[in-house]
There are 2 protein chains.
Amino acid sequence: MGDETEIVRHIVKATTLKDIAEQTGYTVNTVSRALKNKSDISEATRTLIQQKAQELGYIGNTMASSLRSGMTRTIAVIVADVSNPHFSIAVKEIESAARKHDYTTFILNSYEDQDLEEKAIISALSKNVDGIIICPSQGGGQNIAFLQRTGTPFVLLGRRLDNDDVMDYVVSDDEKGGYLAAMHLLELGHRDILFLNAHHSISSSRERLAGYKHAMEEMGVPIRNELIREISTISGGVRNELKEIMESKLPFTAIFAFNDMMAWEAIFTLNKHHIRVPENISVVGFDNIQSRMFIPFPLTSVSNSKGKTSRKAFEILMKRIHKQNTELRYHEVVDTRLVIRESTRALPE
Amino acid sequence: MGDETEIVRHIVKATTLKDIAEQTGYTVNTVSRALKNKSDISEATRTLIQQKAQELGYIGNTMASSLRSGMTRTIAVIVADVSNPHFSIAVKEIESAARKHDYTTFILNSYEDQDLEEKAIISALSKNVDGIIICPSQGGGQNIAFLQRTGTPFVLLGRRLDNDDVMDYVVSDDEKGGYLAAMHLLELGHRDILFLNAHHSISSSRERLAGYKHAMEEMGVPIRNELIREISTISGGVRNELKEIMESKLPFTAIFAFNDMMAWEAIFTLNKHHIRVPENISVVGFDNIQSRMFIPFPLTSVSNSKGKTSRKAFEILMKRIHKQNTELRYHEVVDTRLVIRESTRALPE
DNA sequence: CTGAAAGCGCTTACAG
DNA sequence: CTGAAAGCGCTTACAG
């Protein structure tokens with residue numbers, strides 16, 4: 001331990017309704033009702049009590065009120081890894097929307113691991129959250145099925161599941177995104193397009209692949225499975241795979257990466273091998289992180305409107321929590337579009 | 001709203017201690033003690049009760065237990081903006097450490113705004129968090145002073161305050177970092193070093209400036225105030241400032257930016273004006289984000305060990321929560337070092 | 001080793 | 001318009 005200084009410890013007991021009641025002569029009940037602006041309290045009483053609360057620096061004990069009312073005004077967001085900008089932007093947007101509705105947000109990482117995801121869900125449930133926004137981790141939907149059995153409202157964000165017609169979800173139009181990315185490269189003359197995809201248990205991975213294949217077929221380019229790779233989205237996965245591919249001498253002139261971080265890693269790795277982007281290889285990413293940060297490398301990328309997607313997920317969760325339209329499921333597919341920058345160029349004839 | 005499907009709504013009431021008590025014939029008290037592995041429960045009873053709990057899928061109600069025990073096993077992390085990788089990495093590390101100690105983490109953004117910071121603190125307090133890790137927002141320490149008066153344990157992360165001898169903090173050695181960055185540029189022959197700094201109410205801003213000045217003085221280079229700029233750390237701030245500087249024709253050959261995001265934005269802006277890094281201008285950043293993400297632009301940057309810093313802050317918070325060493329304050333200054341990449345080069349003679 | 005009672009700080013439902 | 005009582009689901013402190 002570093003520098004350590006002596007202090008006087010502050011011991012402060014939080015003000016409760018009881019304190020306000022004692023100091024105003026009303027009962028705890030009346031104080032509670034006055035502070036919540038209930039209609040059947042006289043104006044004078046309300047003012048008096050609210051002033052006293054202000055004076056004492058009263059901060060309500062949400063825990064206690066939740067225990068009785070059944071609502072915690074708390075939600076949990078469960079993502080693979082907040083340190084991935086794609087998720088941190090979503091978390092920011094959700095926290096921001098939640099705050100405006102007076103909800104507080106738990107953040108939990110699942111690291112694409114089924115066990116950690118289950119723990120995260122249980123952790124959220126034991127905190128009695130009113131609802132959960134979750135990007136289901138790769139590897140299957142057992143945890144989500146469990147979550148559904150508990151009856152706690154939740155919304156899937158960014159990925160859907162096989163049986164998702166009984167759940168709410170907000171996803172991007174990943175098939176269109178995959179199509180746009182591949183078509184862009186095809187139109188530039190590329191034929192050997194390496195797809196650095198994520199695990200096929202992730203719906204967006206499957207759908208982007210469908211889009212890729214669709215574009216290839218439309219242009220009459222045969223689909224070669226050795227060009228389609230499933231890679232860990234964890235940092236370092238692309239580097240290892242790409243090294244192997246280059247050693248195997250598999251020819252390719254363009255890369256379509258599952259997300260921008262993987263695209264960056266691909267470019268980084270290529271550069272290490274003195275291969276230049278876009279001079280030697282064209283690269284397309286997904287997520288358009290560049291719209292939020294001025295990354296100095298101008299990456300062509302599929303934009304999936306994280307702000308809109310996140311806010312939509314929160315809105316739906318609110319509806320679900322407040323039991324509106326309980327017979328309906330909300331299935332939102334947010335449009336994607338291609339943002340062309342300087343990481344892609346035409347293949348020389 | 002998009003596609004909407006009818007469903008059967010699941011209504012599930014959570015299992016409580018009472019349910020387990022009824023089904024085993026013991027009282028709620030005994031059930032509680034058995035599940036918490038208290039010593040004065042017979043082995044047979046413990047096993048029976050734990051099996052029944054497992055069978056019923058019992059998930060404890062933390063809220064209820066907190067109300068009685070006074071501990072929520074919940075912490076809050078308050079940062080300027082989780083979508084900034086510097087903070088999202090810290091949040092990830094803290095959440096990860098917290099989970100291992102069975103703590104759950106609230107995330108709150110202050111956006112460098114005093115009012116939002118106050119609301120975030122109140123929100124955390126009303127959730128009865130056991131402790132708070134906070135990166136104090138720019139503009140003064142009134143909110144932290146308020147937080148201290150409440151008696152809730154907290155640790156400052158990344159920034160300290162004037163009166164911080166009465167608080168715990170973990171910061172980087174910012175002065176050393178500023179010194180290393182400036183000295184590196186000076187050794188490369190640069191003299192007109194533009195410092196794109198953050199607001200002076202941020203301690204790390206003041207300390208990095210002190211390091212910058214120290215290096216300049218050591219090399220006998222006069223300090224010119226027009227080269228030292230205070231800029232909003234919000235995305236877009238650098239671009240505007242830099243445009244203005246270029247229009248004013250103020251000459252500079254190198255930039256030292258308060259953080260990597262600002263450095264990236266500077267490079268992005270320079271490139272837009274057809275100025276190349278490092279050919280025309282050298283750039284040094286701070287935070288070394290590149291160690292966590294394969295950003296394809298190799299930025300020279302000051303590394304400040306976010307993993308170590310975050311974990312340290314959590315450890316100290318734990319000590320504070322558990323009232324260890326209450327007479328001492330923990331003041332940690334984590335070492336910084338320069339990581340030289342390709343964004344800096346010697347000034348031509 | 002187990003139980004009966006009280007209480008954490010609120011809100012709810014009802015009485016007057 | 002205000003109050004007295006009960007209760008949310010646990011844990012604590014004590015009794016036996």
Side-chain angles (χ1 to χ4, degrees), chain A residues 12-50 52-53 56-74 102 122 125-130 150 152, chain B residues 12-50 52-53 56-74 102 122 125-130 150 152:
Chain A
V12 184
K13 193 150 175 343
T15 309
T16 65
L17 290 187
K18 202 176 158 201
D19 299 323
I20 301 174
E22 280 167 3
Q23 295 205 29
T24 55
Y26 288 97
T27 61
V28 164
N29 186 342
T30 303
V31 172
S32 169
R33 303 174 66 75
L35 291 179
K36 299 187 82 189
N37 285 313
K38 295 280 179 180
S39 55
D40 55 357
I41 296 285
S42 79
E43 194 51 44
T45 309
R46 188 204 315 282
T47 311
L48 175 69
I49 289 174
Q50 293 192 346
K52 181 57 78 178
L56 297 177
Y58 175 71
I59 296 177
N61 184 334
T62 322
M63 232 166 47
S65 68
S66 303
L67 190 57
R68 188 64 178 94
S69 70
M71 292 277 109
T72 57
R73 294 198 88 80
T74 285
D102 205 27
I122 289 178
L125 294 176
S126 76
K127 297 294 182 188
N128 283 63
V129 297
D130 292 345
T150 68
T152 301
Chain B
V12 184
K13 192 148 175 344
T15 308
T16 65
L17 290 186
K18 201 175 158 200
D19 299 323
I20 301 175
E22 279 166 3
Q23 296 205 29
T24 54
Y26 288 97
T27 60
V28 164
N29 185 341
T30 303
V31 172
S32 169
R33 303 174 66 75
L35 291 179
K36 299 186 82 190
N37 284 313
K38 295 280 181 182
S39 54
D40 55 356
I41 296 283
S42 82
E43 194 49 44
T45 309
R46 187 203 318 280
T47 311
L48 175 68
I49 288 175
Q50 293 192 346
K52 180 57 77 176
L56 296 176
Y58 175 71
I59 297 178
N61 184 334
T62 320
M63 232 166 47
S65 69
S66 303
L67 189 57
R68 188 68 179 92
S69 71
M71 292 277 106
T72 56
R73 294 197 90 81
T74 285
D102 205 26
I122 289 177
L125 293 176
S126 76
K127 298 294 182 187
N128 285 63
V129 297
D130 292 345
T150 68
T152 300

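So that the names make sense, note that chain A is the first sequence line, chain B the second, and so on, each numbered from 1.
One finds a side-chain N or O of B/S32 lying less than 4.0 angstrom from the OP1 or OP2 phosphate oxygen of D/dT11. Phosphate contact (OP1/OP2 of C/dT11, side-chain N/O of A/K36, threshold under 4.0 Å): present. Considering only side-chain N and O atoms, B/T27 lies under 4.0 angstrom from the phosphate OP1 or OP2 of C/dG3. In this structure, A/Y58 reaches the C/dC10 phosphate: one of its side-chain N or O atoms is under 4.0 Å from OP1 or OP2. Taking 4.0 angstrom as the limit, A/T62 places none of its side-chain polar atoms (N or O) nearer than this to OP1 or OP2 of C/dC10. Taking 4.0 angstrom as the limit, B/T45 places a side-chain polar atom (N or O) nearer than this to OP1 or OP2 of C/dT2. A sub-4.0 Å separation between OP1 or OP2 of C/dG3 and a side-chain N or O of B/T30 is present.
Contacts of A/N61 with the nucleic acid, taken as non-hydrogen atoms under 4.0 Å apart, involve only primed sugar atoms and P, OP1 or OP2.
The side chain of A/R33 lies closest to C/dT12 when the candidates are C/dT12, D/dC10, C/dC1. When distances run from any side-chain atom of B/I41 to the nucleotides D/dC10, C/dT11, C/dT2, the shortest one goes to C/dT2.
Residue A/N37 contributes atom CG, which lies 15 Å from atom C1' of D/dC1 at whole-angstrom precision. The separation between A/D40 atom CG and D/dG3 atom P is 12 Å, rounded to whole Å. Between the P atom of D/dT11 and the CG atom of B/L35 lies a distance of 9 Å, rounded to the nearest Å. In this structure, the CG atom of A/L17 is 19 Å from the P atom of D/dC8, given to the nearest Å. Following rounding to the nearest Å, B/K127 (NZ) and C/dG9 (P) show an atom-to-atom distance of 17 Å. For the pair A/R46 CZ and D/dT2 C1', the interatomic distance rounds to 13 Å; values are reported in whole Å. When rounded to the nearest whole Å, the span between CD1 of B/I20 and P of C/dG3 equals 14 Å. We find that CZ of B/R73 is positioned 17 Å from P of D/dC10, with the value rounded to whole Å.
Annotation for B/N128 and A/N61: closest pair OD1-OD1, 3.2 Å, computed over non-hydrogen atoms. Of all non-hydrogen atoms in A/T45 and A/S42, the two that sit nearest each other are OG1-OG, 2.6 Å. Heavy-atom minimum distance, B/T152 versus B/V129: CG2-O, 4.1 Å. The two residues B/K127 and B/T72 make their nearest non-hydrogen contact at O-CG2, 4.1 Å.
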- Task: Just do the side-chain contact (heavy atoms from CB on, under 4.5 Å) check on A/L17 and A/Y58 with the steps written out, would you?
- Result: CA-CA 8 Å; A/L17 290 187; A/Y58 175 71; 3.4 Å; yes
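Comparing B/R68 and A/K38 by the nucleotide of DNA chain C whose heavy atom lies nearest to each, the residue mapping closer to the 5' end is B/R68. When each of B/S69 and A/S66 is assigned the nucleotide of DNA chain D with its nearest heavy atom, A/S66 is the one assigned upstream, toward the 5' end. Where B/L67 and B/Y26 each meet DNA chain C at their nearest nucleotide, the meeting point lying more 5' is that of B/Y26.
Proximity of a side-chain donor or acceptor of B/D130 to a complementary backbone N or O of B/R73 within less than 3.5 Å is detected.
In this structure D/dG3 sits in a base pair with C/dC14, meeting the Watson-Crick or G-U test at under 3.5 Å.
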